[in-house]
Amino acid sequence: MRLSRAFLPTLKETPADAQIASHRLMLRAGMVRQTSAGIYAWLPLGWRVLQKVEQIVREEQDRAGAQEILMPTIQTADLWRTSGRYDAYGPEMLRLQDRHDREMLYGPTNEEMVTDIFKTYAKSYRDLPRNLYHIQWKFRDEVRPRFGVMRGREFLMKDAYSFDLDYAGAQKSYRQMFVAYLRTFARMGLKAIPMQADTGPIGGNLSHEFLILAETGESQVYLHRDLLEFDALSQPVDYDGDLSPVMDFWTSRYAATDEKHDAAAWAQVPAERQVSARGIEIGHIFYFGTKYSAAMGLQVAGADGKMVVPEMGSYGIGVSRLVGAIIEANHDEAGIRWPEAIAPFKVAVLNLKQGDAATDALCDRLYAAFDPDAVYDDRADRAGVKFADADLMGYPWQAIVGPRGAAVGKVELKRRATGERLELSLEDAIARIKA
RNA sequence: CGGGGCGUGGCGCAGUCUGGUAGCGCAUCUGCUUUGGGAGCAGAGGGUCGGAGGUUCGAAUCCUCUCGCCCCGACCA
């Protein structure tokens, strides 16, 4: 993407409405534009990041055996009356009427709908287990939206729903999602810690929240340091095998939000291993048995011919929230420091002197080597503007080319995360970035 | 939902108390100079002050109603 042709606006000054770092930086970097309280338009830079996050979520869901569908944003009130939640959900649900005065709603979640869909086709125990997910915009009419995309009213969520024949099967599905979540967040460069959680209004009796540590987190959390030091990607995962050991590792070390905090258990953790900090919730998984399958009338024939009500769970990741959370965990005074896996572009080519033949030539070759995963700052601006914008936008690599280096065929590489700088030949620079 | 605050060019703000018909910085446009960390000089364009009603000779400033947004708390992916 050539910046001279791109819609990648930046702001020098911070809009007064933005309080926390991720919100400020998303506005300054031109990632989003607020259109009303808790509702955002995603501009090219933000949209690219959102899609990268979404894609990692998708790949790990698929790997874990879940299958992607896409359900609508608008649902009928009748579907929710069947489960009893139309009245129970309260004012957080955005209710609408169509031209025939039919009562509709903008979906805040999809247990009813997915169960209703699944019920139409699943007739036998052979149709189980299944796990269906979609990545779709949700709307929850929060009393108080805030923190930019971290607590919006409209937000992009991945929600998966598992259907199993019995409790043992449901536990297996739960563990699959548990492990898939660890991998998903680790791939984004995040240390996400699963913690025992309240099941909330969705109900059920087994639930974990996944949180990352960040000063601006909304929850107080307590955890064993082992959990921060373990690399969730270090071991291969066999989703058909027994995942209990993995889950046991994570659940045997202390980790809890203040709601579930147990002072006595916490005291058992060696003091030097105790970590108490603020956390941001980025995922939540529930097992809730037959709550919705029973309410929605889902039954399948068991092997013995008797009808069985399947056991369900649901598994959510706040995809748009993750963008904000990742920034909270990866920024400094100058701007964002994207982890490579979700960076909007891997490298920014900074041409410090437009029109200098040697400089232009080196930049062209660098850009060609990485397009479309590169931005080329070919604007008629001064060097300082380009440095500042590249730091703000947070591309993992800056390939800086000016007449001084170009005269001797050198490119200066700057690594955003560390500030490390290297002076390399064109070929070495390309190889270094690709490494 | 309880408490607090704010709406004035794209962004950040002053002006409101003590009514007199809108100002500053950044950004934008033009020209010249400058060119490795958000340049300098000169010139230019852009708002009728969230909205409605009222008081007044006159309202961004006073009054009433209303809409929107933000912060703290309680609740949530």
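To find a chain, count down the sequence lines: A is the first, B the second, and so on, and within it residues start at 1. FYI, side chains are in, hydrogens and waters are out, and symmetry mates aren't considered; it's all heavy atoms of this structure.
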Can you check whether [X] has a side-chain N or O nearer than 4.0 Å to OP1 or OP2 of [N]?
X: A:Q354; N: B:U35; answer: no
X: A:R382; N: B:U35; answer: no
X: A:K12; N: B:A27; answer: yes

* Structure fact -> Residues pairing under salt bridge (Lys or Arg N to Asp or Glu O under 4.0 Å) where one sits in residues 347-360 of chain A, two or more places apart or in two chains, turn out to be none
[N] - base-pair partner by Watson-Crick or wobble geometry, distances under 3.5 Å:
N: B:G25; answer: B:C11
N: B:G2; answer: B:C72
N: B:C17; answer: none
N: B:U30; answer: B:A42
N: B:U61; answer: none

* Asked: Within a strict 4.5 Å, meaning less than it, do heavy atoms of the A:L298 and A:F118 side chains meet?
  -> yes
Rounding to an integer number of Å, can you tell me how far [X] [atom1] sits from [N] [atom2]?
X: A:L11; N: B:G10; atom1: CG; atom2: C1'; result: 8 Å
X: A:K353; N: B:G36; atom1: NZ; atom2: P; result: 8 Å
X: A:Q136; N: B:A77; atom1: CD; atom2: P; result: 18 Å
X: A:E13; N: B:C11; atom1: CD; atom2: C1'; result: 6 Å
X: A:Q398; N: B:G36; atom1: CD; atom2: P; result: 16 Å
X: A:F210; N: B:A77; atom1: CZ; atom2: P; result: 14 Å
X: A:R146; N: B:G68; atom1: CZ; atom2: P; result: 19 Å
X: A:K386; N: B:G36; atom1: NZ; atom2: P; result: 12 Å

Using the [atom1] atom as the point on both nucleotides, what is the distance between [M] and [N], in whole Å?
N: B:G47; M: B:A74; atom1: C1'; value: 40 Å
N: B:U16; M: B:U61; atom1: P; value: 12 Å
N: B:A52; M: B:C67; atom1: C1'; value: 10 Å
N: B:G7; M: B:C49; atom1: P; value: 14 Å
N: B:G23; M: B:A60; atom1: C1'; value: 12 Å
N: B:C32; M: B:C13; atom1: C1'; value: 31 Å
N: B:U33; M: B:G50; atom1: C1'; value: 43 Å
N: B:C72; M: B:G37; atom1: P; value: 38 Å

Sugar-phosphate only, base, or nothing, as touched by [X] at under 4.0 Å among non-hydrogen atoms:
X: A:G402; result: base
X: A:E412; result: base
X: A:A383; result: sugar-phosphate
X: A:S36; result: sugar-phosphate
X: A:D389; result: base

* With sequence neighbours excluded, residues passing side chain to side chain donor-acceptor pair (under 3.5 Å) with A:Q171 -> A:Y167
From C-beta outward on [X], which listed nucleotide comes closest to its side chain: [options]?
X: A:R421; options: B:C75, B:C72, B:G37; value: B:G37
X: A:P15; options: B:C70, B:A77, B:C11; value: B:C11
X: A:E218; options: B:C71, B:C75, B:A77; value: B:C75
X: A:V385; options: B:C70, B:C11, B:G38; value: B:G38

Donor-acceptor under 3.5 Å ([X] side chain, [Y] main chain):
X: A:Q75; Y: A:T109; value: yes
X: A:K386; Y: A:N351; value: yes
X: A:D371; Y: A:Y367; value: no
X: A:S207; Y: A:I285; value: yes

* **Flag for A:S162-A:Y315: side-chain donor and acceptor within less than 3.5 Å** => yes
* **Donor-acceptor pair present, A:D391 side chain and B:G37 base, under 3.5 Å** => yes
* **Within residues 17-32 of chain A, residues whose heavy atoms come under 4.0 Å of RNA chain B** => A:D17, A:Q19, A:R28
* To do: Classify the ring geometry between A:F230 and A:F249 as parallel (under 30°), tilted (30 to 60°) or perpendicular (over 60°).
  => tilted
* To do: Determine the interplanar angle of the A:W42 and A:W137 rings, folded into 0 to 90°, and report it as parallel if under 30°, tilted if 30 to 60°, perpendicular if over 60°.
  => tilted
* Asked: Closest nucleotide of RNA chain B for A:R33 versus for A:V319: which of these residues is on the 5' side?
  -> A:R33
* In terms of the nearest nucleotide of RNA chain B, which residue is placed more toward the 5' end: A:G384 or A:G318? -> A:G384
* To do: Measure the distance between the ring centre of A:F155 and the centre of the six-membered base ring of B:A77, then answer whether it is under 5.5 Å with planes under 30°.
  => yes
